Amino acid sequence: MFKKLLVANRGTIAIRIIRACRELGISTVAVFSTADKDALHVRMADESVCIGPPAAEDSYLNIPAILSAATTFGADAVHPGYGFLSENGDFAEACQRSGLSFVGPRARHIRLMGDKPRARRIMKRAGVPVLPGSEGTGVTELREAQVDAKRLGYPVLIKAAAGGGGKGMRIVRDANELARLFSLAQGESEASFSSRKMYLEKYLERARHVEFQILADNHRMAIHLGERDCSIQRRHQKVIEESPCPILTARLRDKMGKAAVRAANVVGYSNVGTVEFLLAPAGEFYFIEMNTRIQVEHGVTEMVTGVDLVKESIAMAMGEPLAFKQRQVTFKGASMEFRIYAEDPERHIPSPGVVSNHHPPGGLGVRVETALYDGYRVPVHYDPLIAKLIVHAETRPEVIARAKAALREYVIDGIKTNIPLHLKILHDPDFNRGEFSTDFIRRYEPRAVEAQPAPSQVSKAS
Amino acid sequence: MEVREIKALLVLMRDYGLVELEIEDKKGKVRLVRGGARASIEETEASSADHIPARVATSIKMASRHVEATTEEGSKAAGKIDLQPNQKLIESPMVGTFYRAASPDSAPFVEEGSSIRKGQPLCIIEAMKMMNEIESPAAGRVIRILAENGNPIEYGQPLMIIEVV
């Protein structure tokens with residue numbers, strides 16, 4: 001059993017991990033930057049240590065500072081949460097070298113899945129369907145991309161080989177766009193991941209994003225905990241996630257679940273992970289990537305399965321064998337998660353500031369994961385995700401009704417949030433029918449200023 | 001602020017039915033809250049120590065930890081550590097363990113009152129098994145040593161006050 005765990009993260013996930021540790025009787029060390037000295041995770045942990053200035057590179061991404069904090073304060077394990085260092089193979093390896101248990105997969109699995117073209121090759125060989133795309137290690141020159149695009153046929157998706165989080169990703173509909181957007185996407189990839197390596201994939205119209213939660217122990221046993229439909233996305237970032245996927249049949253779930261478990265087993269994966277698929281309208285599915293960490297949206301799976309994924313991740317890291325088998329996993333009801341961002345709902349720009357009044361909703365089947373409190377200042381330095389509202393009920397229509405009530409009850413004064421956008425989506429007839437794909441949210445996008453017609457055109461139109 | 005002083009304050013808070021108390025003095029700021037949301041594994045240990053209710057006892061820990069944080073912040077902003085114009089605060093550039101000497105057997109690098117040259121080692125911060133010497137940014141004299149030998153140190157934590165000549 002771990003005695004003391006260092007939480008190498010901040011915000012809602014740091015609090016989630018601290019709560020799990022309390023239940024398990026593991027004491028916690030929070031780390032924080034000077035910008036986060038009043039953050040809730042700092043107050044909740046048993047001990048806390050300032051590791052650097054506000055810039056993430058100097059604090060939450062600063063491997064020597066975090067390891068120094070862990071060893072100085074006597075931690076025996078490190079939980080990376082999501083984002084920051086969670087998918088950094090060097091960090092996982094450095095933890096092990098310093099005698100600390102890393103709560104996550106082995107470094108080589110993080111590196112393997114982080115190299116997207118390589119992951120595609122391995123999956124293809126293992127019989128997991130992948131989308132038609134660039135072969136080999138990827139492309140660095142526009143010329144190579146043009147050859148691939150011609151072979152695949154437009155539209156295609158440009159992606160960063162080292163990518164994630166929608167960075168370095170662009171949909172391209174013709175050769176002119178490719179020439180223009182390739183260097184843009186490559187620039188983004190270089191800035192975010194220090195890599196110029198890109199790859200192309202056939203872009204599927206009207207596809208859904210359906211991912212499977214994997215739980216695997218260190219003894220080569222892996223199971224899945226069902227799926228999450230994360231098609232409600234904005235700029236390739238998830239906004240609403242739900243389980244089960246409203247259109248998935250039991251047969252298709254079984255088939256996709258088996259493919260996901262195969263994807264984990266073929267590399268000997270351990271701990272929690274997520275295998276992401278694109279689901280085409282006709283029911284074909286394709287591996288996109290595997291995330292080697294706990295996900296933001298893990299809560300919806302917890303609600304429908306009753307499995308505490310954070311506690312499981314810690315148990316797996318301690319070397320415990322899986323406590324249950326695939327057929328013992330049962331699903332109850334439906335669940336949705338709404339990501340609450342500190343942003344202006346009209347213009348979609350971040351809205352940091354002081355939360356003057358915070359009243360989270362409650363009641364049966366309503367769960368709020370947040371780091372907010374009255375008087376808390378949302379810092380400008382980090383991700384604008386400030387809360388996750390997770391709703392659970394017997395049926396999907398009940399979830400929607402409960403979510404509407406909860407979102408109306410939710411008070412966050414002082415800053416702007418995207419709660420109005422969530423309410424609009426919950427009233428959308430297509431959303432209510434469960435008929436949507438990854439481009440759904442475009443209908444609620446604010447029009448870019450330059451896209452608005454000039455006054456002369458307006459008069460012609462009217 | 002000493003633990004014994006905090007305890008005395010808590011007795012006063014209980015006697016007068018106060019739930020919250022904030023006190024500021026030269027050494028820093030302390031805020032005590034009774035019956036906070038914080039419940040932790042130290043509860044049993046703390047409650048057996050004396051008559052202070054367990055939840056209050058855990059708040060002491062929380063509050064006393066915040067003393068450090070406030071002192072640190074205060075030193076930067078409002079000058080809670082009273083610095084004369086010719087004085088400089090030496091803050092830790094990293095998280096690690098504070099040592100006043102190069103090894104357990106050797107004499108401390110400096111004492112309060114020691115004269116120092118620019119570039120002279122003042123102390124060591126051990127991080128990742130690396131011994132990082134913290135050098136004096138100026139010539140002068142050590143006025144106060146604020147950290148205890150062998151204690152864990154945060155980023156930005158005040159270590160010493162020096163007087164520049």
Side-chain angles (χ1 to χ4, degrees), chain A residues 1 3-6 8 15 18-19 21-55 58-60 62-75 94-95 97-100 373-375, chain B residues 20 22 28-29 31-33 36-46 57-77 91-99 124-132 147-159:
Chain A
M1 183 61 119
K3 288 195 174 62
K4 195 189 270 192
L5 182 145
L6 180 134
I15 287 161
I18 291 167
R19 284 185 177 139
C21 286
R22 277 195 181 161
E23 276 187 43
L24 293 166
I26 300 170
S27 75
T28 50
V29 182
V31 295
F32 63 100
S33 76
T34 50
D36 271 343
K37 66 180 178 57
D38 297 322
L40 197 58
H41 76 282
V42 176
R43 297 184 178 204
M44 277 182 65
D46 297 302
E47 290 172 272
S48 61
V49 49
C50 181
I51 51 165
D58 302 323
S59 48
Y60 298 105
N62 183 341
I63 296 177
I66 291 170
L67 293 180
S68 175
T71 49
T72 305
F73 285 74
C95 285
R97 284 209 180 143
S98 303
L100 299 157
Y373 57 85
D374 284 354
Chain B
E20 194 168 328
E22 197 166 316
K29 190 159 85 173
R31 181 164 161 268
L32 303 172
V33 181
R38 188 183 157 86
S40 85
I41 24 186
E42 286 92 324
E43 280 192 7
T44 41
E45 195 186 309
T58 49
S59 315
I60 301 180
K61 185 172 164 277
M62 190 170 154
S64 55
R65 214 183 47 203
H66 284 181
V67 173
E68 282 180 4
T70 315
T71 314
E72 176 208 331
E73 184 59 22
S75 64
K76 278 177 188 157
E91 293 170 314
S92 179
M94 67 191 83
V95 54
T97 308
F98 175 79
Y99 292 112
I124 280 175
I125 303 291
E126 181 193 347
M128 304 309 301
K129 308 216 159 60
M130 297 280 288
M131 299 297 174
N132 303 282
E148 289 283 332
N149 189 49
N151 272 11
I153 293 293
E154 296 183 288
Y155 168 84
Q157 188 171 328
L159 303 174

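Lettering of chains follows the sequences in order, A, B, ..., and the numbering in each one begins at 1. Values in this document were obtained by computation on a predicted structure and should not be read as measured data.
- Although no hydrogens or angles enter the test, the distance criterion places a donor-acceptor pair under 3.5 Å between the side chain of Ser68(A) and the main chain of Val95(B).
- Heavy-atom distances place no part of Met94(B) under 4.5 Å from chain A, backbone and side chain included.
- Atom CE of Met130(B) has 12 or fewer heavy atoms from other residues, nucleotides or ligands within 6.0 Å.
- Using a 4.5 Å cut-off on side-chain heavy atoms (C-beta onward), Ser33(A) and Tyr155(B) make no contact.
- Annotation: the span from Thr72(A) atom OG1 to Ile125(B) atom CD1 amounts to 9.5 Å, rounded to 0.5 Å.
- Considering Val31(A), Val49(A), Thr34(A) as possible partners of Glu154(B), the one that fulfils the side-chain contact (heavy atoms from CB on, under 4.5 Å) test is Val49(A).
- Chain B forms more heavy-atom pairs under 4.5 Å with one residue of Ile66(A), Thr71(A), Ile51(A) than with any other, namely Ile51(A).
- Between Ser98(A) and Met128(B), the closest side-chain pair of non-hydrogen atoms falls below 4.5 Å.
- Ranked by heavy-atom pairs under 4.5 Å with chain B, the list Pro64(A), Ala69(A), Gly52(A) is led by Gly52(A).
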